[in-house]
Amino acid sequence: ASALERIERSPPDIFLLDVKLPDTDGFELCRHLNENETTRDTPVIFVTVKTEPVDKVKGFDVGAVDYITKPFQPEEVVARVEKHLTIHNLQKQLEERNARLEREIAERKQAEEALWEKNEFVTSLFESLTHPFYVIDVKDYTIKLANSAARLGELSARSTCYALTHAKDEPCDDEFPCPLEIVRETGKPTTTGHVHYDKEGHPRYVEVHGYPIFDREGRVV
């Protein structure tokens, strides 16, 4: 009884428990320790004169991790205690690592859901624009993104603005200034007249607004 009071105040790292006790028996106490939230993970080693196999089996059934019979060698007890403390500490580390991993997974999932909602909102906003809208790579003129109003056909990984809107195999070189070139050279927004062609090849004179997108180094991309 006094041991149980002390356990509540200061839980130990391991129990060495006799089967014969003055006010209960070790099996019942071991069962109680394993049902107690504070001590259920603390290893219990029985140290007793009982050597019958049935007693050893009962000890393991109620939650003991080891069974030492009297008389014993102190070196043996120390070795077993050290072994079970090491195992117990490794289990605690593994549980803490698993708990940390579960938290990280939950946080990552939450971040992914927030990003998905943000992407869904941006996509919805992007598609709601009634005018053609493109995101174009300044290095090779490839279209990274285009809304429904801008697509004259299916986009591929190598779709370029000049192929899509001019049916050309190379960048524009005509009397109309290329807004992409202006934005790339100045790094500033621009508005310019331009000509685009529909699916039938008919020219459409349009007003193009170009806006730069910068990378972390401040380069127009």
Side-chain angles (χ1 to χ4, degrees), residues 1-128 135 144-145 212-219 221:
S2 62
L4 289 175
E5 293 177 4
R6 292 188 182 187
I7 288 167
E8 291 298 327
R9 294 197 302 270
S10 179
D13 295 321
I14 196 166
F15 294 106
L16 299 179
L17 185 60
D18 204 333
V19 173
K20 293 183 178 181
L21 300 175
D23 49 3
T24 182
D25 70 57
F27 298 128
E28 187 60 34
L29 181 55
C30 184
R31 185 180 292 108
H32 174 82
L33 294 173
N34 276 276
E35 292 173 352
N36 187 313
E37 185 175 351
T38 305
T39 57
R40 64 187 177 191
D41 295 323
T42 306
V44 176
I45 299 177
F46 276 114
V47 183
T48 179
V49 295
K50 288 180 171 289
T51 59
E52 294 297 323
V54 65
D55 294 317
K56 293 184 178 182
V57 171
K58 186 175 182 181
F60 290 123
D61 283 344
V62 294
V65 298
D66 209 343
Y67 203 99
I68 301 174
T69 56
K70 298 178 181 179
F72 54 77
Q73 294 296 322
E75 294 81 7
E76 177 191 5
V77 177
V78 170
R80 295 198 185 195
V81 166
E82 288 180 345
K83 182 190 75 171
H84 287 293
L85 282 175
T86 299
I87 294 173
H88 182 56
N89 288 333
L90 289 174
Q91 288 175 334
K92 286 172 62 177
Q93 292 175 18
L94 182 61
E95 289 171 0
E96 291 171 358
R97 191 174 301 165
N98 287 341
R100 186 166 60 250
L101 182 60
E102 288 178 0
R103 288 196 300 271
E104 291 174 356
I105 291 173
E107 291 171 358
R108 189 176 299 123
K109 184 177 180 181
Q110 188 175 9
E112 288 174 352
E113 289 177 352
L115 181 61
W116 184 85
E117 291 178 359
K118 185 176 181 180
N119 287 342
E120 187 179 49
F121 171 76
V122 171
T123 300
S124 176
L125 181 66
F126 191 58
E127 288 296 339
S128 70
V135 177
K144 299 301 182 183
L145 201 62
I213 297 176
F214 301 95
D215 63 11
R216 293 182 178 180
E217 284 71 38
R219 294 170 300 199
V221 292

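Since the structure is predicted, the reported quantities are computational estimates derived from the model, not experimental observations. Sequential numbering from 1 along the given sequence is applied to the chain's residues.
To the nearest 0.5 Å, the span separating CD on Q91 from CD on Q93 amounts to 10.5 Å. Distance check: T38 OG1 to L33 CG gives 10.5 Å after rounding to the nearest 0.5 Å. Note that CG of L85 and CD of E82 are 8.0 Å apart. Values are rounded to the nearest 0.5 Å. To the nearest 0.5 angstrom, R100 atom CZ is 12.0 Å from I105 atom CD1.
Here the closest non-hydrogen pair linking A64 and C30 is N-SG, 3.9 Å. I7 and P12 make their closest contact through CG1-CD, 4.2 Å (heavy atoms, listed as atom of the first residue, atom of the second, distance).
Looking at heavy atoms from C-beta onward, T48 lies in side-chain contact with Y67 at the 4.5 angstrom threshold. Residues F27 and V19 are in side-chain contact: their nearest non-hydrogen atoms beyond the backbone lie under 4.5 Å apart. A 4.5 Å side-chain heavy-atom check between V49 and T69 finds every atom pair outside the cut-off. The shortest distance between side-chain heavy atoms of F15 and I45 does not fall below 4.5 Å. With a 4.5 Å cut-off on side-chain heavy atoms, T39 and H32 do not count as touching. Counting heavy atoms from C-beta on, the side chains of P11 and T42 never come closer than 4.5 Å. Counting heavy atoms from C-beta on, the side chains of E117 and F121 never come closer than 4.5 Å. Looking at P43 and I87, their side chains never come closer than 4.5 Å, going by heavy atoms from C-beta outward.
Applying the side-chain hydrogen bond (donor to acceptor under 3.5 Å, both in side chains) rule to E8 yields the partners N36; only residues at least two apart in sequence or on another chain are considered. Residues passing the side-chain hydrogen bond (donor to acceptor under 3.5 Å, both in side chains) test with E104, sequence neighbours excluded: none. Looking at residues two or more places apart in sequence or on another chain, you find a side-chain contact (heavy atoms from CB on, under 4.5 Å) between E28 and T24, D25, R31.
Salt-bridge check for E76 with R80: passed, with a basic side-chain N closer than 4.0 Å to an acidic carboxylate O. With salt bridges taken as basic N to acidic carboxylate O contacts below 4.0 Å, one links D18 and K70.
Between the side chain of S128 and the backbone N or O of L125 there is at least one donor-acceptor pair closer than 3.5 Å. The closest donor-acceptor contact from the side chain of T123 to the backbone of N119 lies under 3.5 Å. In terms of modelled atom types and a separation under 3.5 Å, the side chain of N34 and the main chain of V62 share a donor-acceptor contact.
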Verify side chain to side chain contact (heavy atoms under 4.5 Å, CB included) between V81 and I14, making sure each step is shown before the conclusion. CA-CA 8 Å; V81 166; I14 196 166; 4.2 Å; yes

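In this model, a donor atom of one side chain and an acceptor atom of the other lie less than 3.5 Å apart for H84 and D66.
When the shell of 6.0 Å around CZ of F60 is examined, it contains more than 12 heavy atoms from other residues, nucleotides or ligands. Crowding of E217 atom CD: a count of heavy atoms from other residues, nucleotides or ligands under 6.0 Å exceeding 12.
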